[in-house]
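Have a look at the structure below, then the notes.
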Amino acid sequence: MTQRIVDILHEVEPRENIEVDGWIQTVRTSKSVTFFEIGDGSCIQNLQAVASVELSNYDALQKVQTGSAVHIVGKLVASPAKGQKWELHISEMNVLGTVDEDYPLQKKRHSFEFLRTVAHVRPRARTFGAVFRVRHALQMAVHRFFDDRGFIQVHTPIITGSDCEGAGQMFRVTTLDMNAPPRHDGSIDYSQDFFGKETSLTVSGQLEGEIFALAFKNIYTFGPTFRAENSHTARHAAEFWMIEPEMAFCDLSRDQQVAEDFIKYIVTQVLERCSDDIDFFDQWIDKGLREKLESLVNSSFETLPYTEAVSLLEKSKQKFEYPIKWGLDLQSEHERFLTEQLIQKPVFVIDYPRDIKAFYMRLNDDEKTVAAMDLLVPKVGEIIGGSQREERIDVLDAQLQYFDLSPVDYWWYRDLRRFGGVAHAGFGLGFERALMYITGMQNIRDVIPFSRTPGSADF
RNA sequence: UCCUGCUUAGCUCAGUCGGUAGAGCGGGUGGCUGUUAACCACUAGGUCGGCGGUUCAAGUCCGUCAGCAGGAGCCA
């Protein structure tokens, strides 16, 4: 097997007989020497391969184009010129895959918008090489964090029959003939559908996650999630991945502690394992990124009750587009002002008004607020949302009634409170949102290999 | 769904006061003793998003439709 370029570039001394497979990123030719930059996706740097005029096929090599797949044998020597430590002096070079003249990637910057239209070659562009290496490293860090702490990953269902997963438009899953669905009393008869009932793609694995938390104590879900909202923004996708840990025998304050440890751990892991990629993002995508990430890791997070947050914002005299008032949800401008100006570090806002949060969040003793938390970080705002869950059956029933939900639909969720129910808590993190924060990329479509958004499901 | 903006060469863009279209990159040809978004010369490449209108004349002004992007709402 040939060596990966990342390993070749980390050699400590010159070596004969290096073999490398990769794609040509750019070519510079002159009469007697031609430089190829070879990339294989293993790192942000390319390997400079040098062809001299003595090669028997030099004339042909001069015409090899950007994008070609090549196999090169050569000698690794210290590079005499600036720009790279090592370079490969070619003794043999074969083109394994040629490139037609309409190859879309050029040696200049393309717009991300254009690159989305050529998602089949986009991963070969430097920025996207870095994005998807970091995506992988981040994903591994998530699993490592939980595995190290004894959390079990639960594969919650992607197709769900419960209509009670929370807000958000759902994608219907059906095998019925859409041109002529069976009807009963005028409406569509889902009893004849594949599952014998109406089914959809999941919008959250949290409720199922609670089932497993009440057996394994500490669990997490990490899987695809679907929202059929017609959202045209840089932060929304129809298909994304979500991480939802759930812990039994756990209150809100330990939930916060785990969230803080978690976010620091995954950022630290990426800083260590993808250092060159982070430097690339820092230089080209988001100046100051490394400093932002390092300061997140090194800060101790604050905790601020919602009620205090509101009065701080009211006292600040800052002008906001949206009003500040107890009982209203914090807008993203408020969240950013809190974490960037008032607190100047990551902050958990906790104990939100009952009316603006979900039914399953644990009612506080004041009966006006619930044990919810949002982690706000500078530059982004909310990055994690979580809560302690209501474990008291009578209070849960009152909450269902308060939010006009049917206890029958939540029969197994209620059972959990009757069968050894105990205090438990968890939080949710959008994987792509975290990836955007860590890479500085500003559009969710550019951190997903093949994104699905309203009106767009190419590739 | 609402608001705003954009659509000119394969790509990134310029195009003034309305007068029949430009550059760089990429492709092709040639040159160059080591380049780093290499450089130099030449060359091919366009129904200016579609339709309609105003005008002697529309890439440019007006209307409309489409596509895309951003913001709002909603949320992760």
Side-chain angles (χ1 to χ4, degrees), chain A residues 25-37 45-54 59 62-63 65-67 77-84 87 89 99-118 121 125-126 165-169 202-206 221-244 284 321-322 329-333 335 356-358 374-375 380-386 427-437 442-448 453-456 458:
Chain A
Q25 304 298 317
T26 182
V27 186
R28 294 179 287 273
T29 67
S30 67
K31 192 176 185 180
S32 63
V33 64
T34 293
F35 300 91
F36 300 100
E37 284 195 27
Q45 291 88 4
N46 294 319
L47 174 66
Q48 174 164 282
V50 188
S52 79
V53 73
E54 287 98 59
D59 286 352
Q62 272 195 311
K63 301 198 190 304
Q65 289 163 339
T66 300
V77 302
S79 178
K82 282 185 181 166
Q84 59 281 317
E87 65 184 29
H89 285 192
V99 159
D100 288 349
E101 68 176 54
D102 58 346
Y103 182 65
L105 298 187
Q106 299 166 19
K107 47 180 168 184
K108 62 162 198 167
R109 295 187 79 169
H110 290 280
S111 66
F112 292 147
E113 194 177 332
F114 167 68
L115 289 169
R116 280 173 220 147
T117 68
V118 289
V121 291
R126 284 187 102 195
E165 293 204 8
Q169 290 292 307
T202 184
V203 295
S204 166
Q206 182 201 311
T221 72
F222 186 0
T225 309
F226 306 87
R227 302 276 166 91
E229 295 286 350
N230 188 21
S231 296
H232 288 258
T233 83
R235 297 177 304 283
H236 290 84
E239 177 180 312
F240 62 100
W241 286 59
M242 195 151 61
I243 300 153
E244 294 173 297
W284 297 105
E321 192 180 339
Y322 289 87
D329 208 356
L330 298 180
Q331 295 291 323
S332 122
E333 56 173 348
E335 295 178 338
I356 59 173
K357 290 291 183 182
D374 282 355
L375 175 60
V380 167
E382 179 183 342
I383 194 165
I384 280 179
F427 61 84
L429 169 77
F431 181 63
E432 285 81 7
R433 294 266 177 95
L435 189 56
M436 290 167 74
Y437 179 75
Q442 291 190 349
N443 196 308
I444 198 167
R445 297 170 181 86
D446 297 325
V447 298
I448 298 177
T453 50
S456 173
D458 297 328

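Residue numbering restarts at 1 for every chain, and letters A, B, ... go by the order of the sequence lines. None of the values given here were measured: they were computed from a predicted structure.
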Within the 4.0 Å heavy-atom criterion, would you say [X] contacts the bases, only the backbone, or no part of the nucleic acid?
X       : answer
Q65(A)  : sugar-phosphate
S32(A)  : sugar-phosphate
Q48(A)  : base
A237(A) : base

Distance, nearest 0.5 Å, that separates CE of M242(A) from CZ of F431(A):
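Output value for this atom pair is 13.5 Å.
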
Just how far is it from atom CD of E244(A) to atom CD1 of I384(A), taken to the nearest 0.5 Å?
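It is 11.5 Å, given to the nearest 0.5 Å.
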
For [X] and [Y], which heavy atoms make the closest approach, and how far apart are they?
X       : Y       : answer
D374(A) : G385(A) : OD1-CA, 3.6 Å
L105(A) : V121(A) : CD1-O, 3.5 Å
R445(A) : A234(A) : NH1-CA, 4.3 Å

Quote, to the nearest angstrom, the [atom1] distance that separates [N] from [M].
N      : M      : atom1 : result
C74(B) : G5(B)  : P     : 24 Å
U20(B) : G26(B) : C1'   : 28 Å
G49(B) : G59(B) : C1'   : 12 Å
A44(B) : A38(B) : P     : 25 Å
G67(B) : C61(B) : P     : 23 Å
G46(B) : G27(B) : C1'   : 16 Å
G19(B) : U12(B) : C1'   : 28 Å
C11(B) : U4(B)  : P     : 29 Å

Could you tell me the separation between the CZ atom of R126(A) and the P atom of A37(B), rounded to a whole number of Å?
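For the pair R126(A) CZ and A37(B) P, the rounded distance is 9 Å.
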
Gap between atoms CD and C1', on E113(A) and G49(B) respectively (whole Å)
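In whole Å, G49(B) C1' lies 14 Å from E113(A) CD.
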
Check step by step if salt bridge (Lys or Arg N to Asp or Glu O under 4.0 Å) holds for E37(A) and R28(A).
CA-CA 9 Å; E37(A) 284 195 27; R28(A) 294 179 287 273; 3.2 Å; yes

Determine whether a donor-acceptor pair (N or O, by modelled atom type, separation under 3.5 Å) exists between the side chain of K31(A) and the backbone of V53(A).
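Such a contact is absent between K31(A) side chain and V53(A) backbone.
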
Pick the closest RNA chain B nucleotide for H89(A) and for F114(A) by heavy atoms, then say which residue is nearer the 5' end.
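Between the two, 5'-proximity favours F114(A).
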
Which residue lies more 5' along RNA chain B, comparing Q106(A) with S30(A) via nearest heavy atoms:
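Result of the comparison: Q106(A).
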
Any [X] side-chain N or O less than 4.0 Å from OP1/OP2 of [N]:
X       : N      : result
S111(A) : U12(B) : yes
R28(A)  : A37(B) : no
R235(A) : G73(B) : no
Q25(A)  : A37(B) : no
K107(A) : G26(B) : yes
S332(A) : C75(B) : no

Would U20(B) be called syn or anti, given that syn covers angles within 90° of 0?
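Syn for U20(B); the angle stays within 90° of 0.
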
Do H110(A) side-chain and C11(B) base share a donor-acceptor contact under 3.5 Å?
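By the distance-only test, no, there is no pair.
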
Examine the base of G34(B) for any acceptor or donor lying under 3.5 Å from a partner atom in the side chain of E87(A), and report the outcome as yes or no.
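By the distance-only test, yes, there is a pair.
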
L435(A): which of I444(A), D446(A), V447(A) passes side-chain contact (heavy atoms from CB on, under 4.5 Å)
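The option that passes is V447(A).
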
Tell me every residue that passes side chain to side chain contact (heavy atoms under 4.5 Å, CB included) with R235(A), counting only those two or more places apart in sequence or in another chain.
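Counting only residues at least two positions away or on another chain, R235(A) forms a side chain to side chain contact (heavy atoms under 4.5 Å, CB included) with T233(A), R433(A), M436(A).
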
Pairing annotation in dot-bracket form, given for RNA chain B with Watson-Crick or G-U pairs under 3.5 Å and | for cross-strand partners:
(((((((..((((.....[..)))).(((((.......))))).....(((((..]....))))))))))))....

